[in-house]
Amino acid sequence: MLIFEHEDKKLNYEQDSVKISDVLKDLKLDGKKVIAANLDGEEFDLSREVSHGGVINAITTDSPEGLEILRHSTAHLMAQAVERLYPGTHFGVGPAIKDGFYYDIDVAGSITEQDLPKIEAEMRKIVGQAEKITREDLPKSEALEFFKTKNDPYKVELISEIDAPTVSLYKQGEYADLCRGPHVPDTSKLHNFKLLSVAGAYWRGSEKNKMLTRIYGTAFATPDELKTYLKRMEEAKLRDHRKLGKDLDLFSLHEEGPGFPFFHPKGVAIMNTLIEFWRREHMKRGYVEIKTPQILDRELWLRSGHWDHYRDNMYLTEIDEKPFAIKPMNCPGSILVYKTQLRSYRDLPMRLAELGIVHRHERSGVLHGLMRVRCFTQDDAHTYIEHSQIRDEVMRIMELDKYVYTQVFGFKYYVELSTRPEDSMGTDEQWQTAEAALREALESTNTPYTVNPGDGAFYGPKIDFHLEDCIGRTWQCGTIQLDFQMPARFDVTYIGEDGAEHTPVLLHRVVFGSIERFLGILIEHYAGAFPYWLAPVQVKIIPVSDKQLDYVNELRDKLMADNLRVEIDTRNEKLGRKIRDAQIQKVPYMLVIGDNEKDNNLVAVRERSKGDLGSMSYEDFLKLLAQEFNPIK
RNA sequence: GCCGGUGUGGCUCAGUGGCAGAGCAGCGCACUCGUAAUGCGCAGGUCAACGGUUCAAAUCCGUUCACCGGCUCCA
């Protein structure tokens with residue numbers, strides 16, 4: 001006897017086993033959108049026979065679970081098409097992912113993006129054939145035999161590692177795949193998919209293994225959702241900071257300096273404004289600022305542990321035949337500053353901030369506009385504290401991060417706790433204490449976080465703050481790292497209340513992370529339309545003709561004297577043209593100056609999104625600007 | 001670093017073995033203009049670099065570099 005429950009409904013069957021689709025039908029849970037079911041937390045195909053009852057729910061394509069199944073089935077569909085078109089292809093793994101799916105394959109020759117339409121066409125053919133997707137449970141040994149015969153070494157490897165007596169196979173037509181399932185009942189359920197790109201991916205994610213070909217695609221429940229997604233990707237492309245950086249004349253990249261961006265006047269204007277804001281917030285919060293050298297004796301890096309744990313990322317040089325290194329981090333320099341005096345417990349927490357330029361050797365393939373570079377400015381600070389101050393200091397920093405990310409910039413962000421990596425220094429006990437301290441700070445502030453095991457710095461665990469960009473990618477910005485190692489290695493001390501010497505705890509932290517990366521994220525976040533306080537050009541003055549040049553120059557001088565970033569468009573162009581160009585440059589305010597304004601001592605204000613605001617006096621315009629959000633006012 | 005792709009004027013791109021092109025931007029001239037592109041003209045390229053094949057290479061082959069999409073790695 002089997003008993004199924006759904007909400008307040010109950011259903012009994014006399015027989016020993018029953019088909020999921022029958023149960024759903026009897027519960028009136030069937031429908032066009034239903035592709036699988038959830039029974040006591042486990043997902044089942046509609047065609048599965050079950051011999052136990054429980055709480056049952058239908059899985060529809062408009063739920064996250066349903067979408068995942070849909071995408072997973074589409075991955076299989078793609079694999080089947082690939083196998084038809086490229087016989088002899090070996091298959092790796094093909095899961096559903098955040099915005100779609102992929103399949104890793106080992107194909108003789110190569111597949112390029114030009115081949116995708118062909119594969120897609122074959123997929124549609126299989127959809128038309130409405131191939132039934134069937135599940136088969138079989139002993140591991142049989143499955144192994146099956147894939148050995150099929151000459152699919154990757155599947156053989158996967159099965160050998162499965163720790164269960166039986167495995168499941170999913171078949172559709174001539175295609176069979178090792179898979180946990182569930183899947184849609186047949187291939188005709190798959191319509192709204194698109195293959196997107198081809199890339200390389202190491203087998204099982206290890207660079208020691210062979211590189212396979214990965215085909216990315218996406219699938220949605222409805223054509224509209226697919227269209228919306230593709231449109232969003234198009235729009236994201238338009239926001240790409242590399243394109244906007246060029247169009248808005250913010251920065252450039254050159255072959256002569258791979259990974260070393262060149263910043264133009266407008267890019268620097270934004271960065272300087274960010275830095276001004278940063279200084280203001282930090283001075284308010286009890287930080288003091290230092291500056292330490294770019295190049296330091298190798299001895300220092302040996303002592304800090306960087307030589308042992310970070311050498312591959314360091315640029316080396318020589319001065320007077322002595323080895324030196326270009327700094328990849330600011331901590332050792334900060335420590336030397338701390339140690340210039342005998343410190344008292346009364347000096348703690350001592351918050352030494354530094355806008356430190358660091359160089360790190362990044363492998364050529366990872367460079368990406370401003371997001372991933374080889375030289376960047378960290379908005380760093382090293383805080384020296386007593387053990388008892390860890391929690392409070394971490395919470396103070398988290399508060400600052402929250403203010404900056406959400407209040408000032410309006411970002412969504414995610415918090416991650418990264419624990420001890422393989423290549424690290426210190427004792428297990430030190431790491432446990434440090435990790436526990438960070439956890440405590442997260443928990444006592446009710447901050448939701450995920451744990452990223454083994455991703456800490458080599459000297460301590462860390463809390464990372466990831467900001468989400470316009471296409472849902474996340475970038476690590478802020479970090480708070482707890483360090484018991486450096487202070488000990490450098491004999492950093494303070495005199496306690498008890499008159500004895502103690503070793504302080506060192507907190508490394510950044511808010512923006514890298515000024516360069518943060519600028520990149522902001523460009524995409526705002527799509528180049530920077531808010532008034534950050535805009536590289538805040539006001540563009542546009543004379544209607546060159547008869548107003550004198551008045552316009554006078555206006556510019558006044559605005560500049562009021563510390564505004566202002567430009568005049570003196571080109572011999574029509575008004576419409578000058579406005580268009582200022583709009584394209586996303587300047588927040590335009591002042592249109594014709595005879596009317598000149599004769600009556602007025603300015604005609606145009607705001608980039610609201611349009612013409614009419615004429616007003618200069619003073620009224622300043623009042624208007626004063627109402628704009630401005631955290632450094 | 002690895003896999004795949006791409007590299008033509010400041011920008012966006014056409015040109016697939018036979019004289020290097022277009023639009024925009026720039027410069028000059030005319031128009032002196034009222035809220036998203038005025039017209040006419042001029043100038044601008046070692047076709048990423050190096051090597052090879054060929055009577056002839058932007059085009060075919062090789063090497064290197066950079067960039068793009070990913071993987072691995074990271075702020």
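Not measured: the values here are computed from a predicted model. Numbers restart at 1 for each chain; the letters A, B, ... are given by sequence-line order, proteins then strands.
Taking atom P in both B:G10 and B:G45, one finds a spacing of 8 Å when rounded to whole Å. Between the C1' atoms of B:G17 and B:C13, the separation comes to 22 Å (whole Å). Only the P atoms considered, B:G52 is 40 Å distant from B:C42, to the nearest whole Å. The separation of B:A14 from B:U8, taken at their C1' atoms, amounts to 10 Å, rounded to a whole angstrom. Distance check on atom C1': B:G9 versus B:C3 gives 33 Å, rounded to whole Å. Nucleotides B:A66 and B:C47 have their C1' atoms positioned 16 Å apart, rounded to a whole Å. Taking atom P in both B:U38 and B:A25, one finds a spacing of 9 Å when rounded to whole Å. The same atom, C1', is picked in B:C19 and in B:A56; the two are 12 Å apart, to the nearest Å.
Between A:Tyr229 and A:Phe220, the ring planes are tilted. Angles from 30° to 60° get that label. The aromatic rings of A:Phe263 and A:Phe251 sit tilted, their planes meeting at an angle between 30° and 60°.
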Start with the C-alpha gap between A:Leu244 and A:Leu250, add the side-chain angles, then the distance that decides, and say whether side chain to side chain contact (heavy atoms under 4.5 Å, CB included) holds. CA-CA 8 Å; A:Leu244 285 169; A:Leu250 304 179; 5.9 Å; no
Between A:Arg285 and A:Glu399, is the salt bridge (charged side-chain N to carboxylate O under 4.0 Å, His left out) condition met? List the steps. CA-CA 11 Å; A:Arg285 290 170 157 83; A:Glu399 210 174 289; 5.5 Å; no
Could you walk me through whether A:Met616 and A:Val605 pass side chain to side chain contact (heavy atoms under 4.5 Å, CB included), step by step? CA-CA 7 Å; A:Met616 61 183 81; A:Val605 181; 3.6 Å; yes
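Pair assignment for B:C73 gives none, since no Watson-Crick or G-U wobble pairing has each distance under 3.5 Å. When both pairing distances are held under 3.5 Å, B:A22 makes a Watson-Crick or G-U pair with B:U12. Using Watson-Crick or G-U wobble geometry with both donor-acceptor distances under 3.5 Å, B:G4 finds its partner in B:C68. Within the shown strands, nothing qualifies as a pairing partner of B:C47 under the Watson-Crick or G-U definition with both distances less than 3.5 Å. B:G34 is unpaired under the criterion used here, namely a Watson-Crick or G-U wobble arrangement in which both key atom distances are under 3.5 Å. Across all strands shown, the partner of B:C60 is B:G52, judged by Watson-Crick or G-U wobble contacts whose two distances both fall under 3.5 Å. In this structure B:G41 sits in a base pair with B:C27, meeting the Watson-Crick or G-U test at under 3.5 Å.
For A:Pro293, the side-chain contact (heavy atoms from CB on, under 4.5 Å) partners two or more places apart in sequence, or in a different chain, are A:Leu296. Scored by the side-chain contact (heavy atoms from CB on, under 4.5 Å) test, A:Ala79 finds A:Phe91, A:Tyr103, A:Tyr175 as partners (sequence neighbours excluded). Scanning for side-chain contact (heavy atoms from CB on, under 4.5 Å) contacts around A:Arg311 gives A:Trp307, with sequence neighbours left out.
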Using a 4.0 Å heavy-atom cut-off, write out nucleotides 64-75 of chain B from 5' to 3' as B (base contacted by protein), S (sugar-phosphate only) or - (no contact). -SSSSBBBBBBB
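In this structure, A:Glu256 atom CD and B:A48 atom P are separated by 15 Å, rounded to whole Å. With rounding to whole Å, A:Lys208 atom NZ is found 18 Å from B:C3 atom C1'. Note: CZ (A:Arg204) to P (B:C2) measures 24 Å, nearest angstrom. We find that CD of A:Glu607 is positioned 14 Å from P of B:A36, with the value rounded to whole Å. Between the CD1 atom of A:Ile215 and the P atom of B:C3 there is a distance of 18 Å, rounded to whole Å. For the pair A:Leu244 CG and B:U12 C1', the computed distance is 15 Å after rounding to whole Å.
In this model, no donor atom of one side chain and acceptor atom of the other lie less than 3.5 Å apart for A:Asp99 and A:Thr218. Donor-acceptor pairing under 3.5 Å is lacking for the side chains of A:Tyr413 and A:His466.
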Distances under 3.5 Å only, N/O to N/O: pair up the protein atoms with those of nucleotides 49-51 of chain B.
none

So which protein nitrogen or oxygen atoms get under 3.5 Å of nucleotides 32-35 of chain B's nitrogens or oxygens?
from  : atom 1 : to       : atom 2 : distance (Å)
B:U32 : O2     : A:Asp546 : N      : 3.3
B:U32 : O2     : A:Asp546 : OD1    : 3.1
B:U32 : N3     : A:Asp546 : OD1    : 3.2
B:U32 : N3     : A:Asp546 : OD2    : 3.1
B:U32 : O4     : A:Asp546 : OD2    : 3.4
B:C33 : OP2    : A:Lys547 : NZ     : 3.3
B:C33 : O2     : A:Lys574 : NZ     : 2.5
B:C33 : N4     : A:Asn572 : OD1    : 2.7
B:G34 : O6     : A:Asp595 : N      : 2.8
B:G34 : O6     : A:Asn596 : N      : 2.9
B:G34 : N1     : A:Glu597 : OE1    : 2.7
B:G34 : N2     : A:Glu597 : OE1    : 3.0
B:G34 : N2     : A:Glu597 : OE2    : 2.8
B:U35 : O2'    : A:Arg606 : NH1    : 3.0
B:U35 : O2     : A:Arg606 : NH1    : 3.3

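Ring centers of A:Phe411 and A:Tyr405: at least 6.0 Å apart, outside the cut-off. For A:Tyr589 and A:Phe621, the distance between ring centers is under 6.0 angstrom.
Within 6.0 Å of atom CG in A:Asn209, more than 12 heavy atoms from other residues, nucleotides or ligands are found, so the atom counts as buried in its surroundings.
Note on A:Lys578: nothing from the nucleic acid sits closer than 4.0 angstrom, heavy atoms only.
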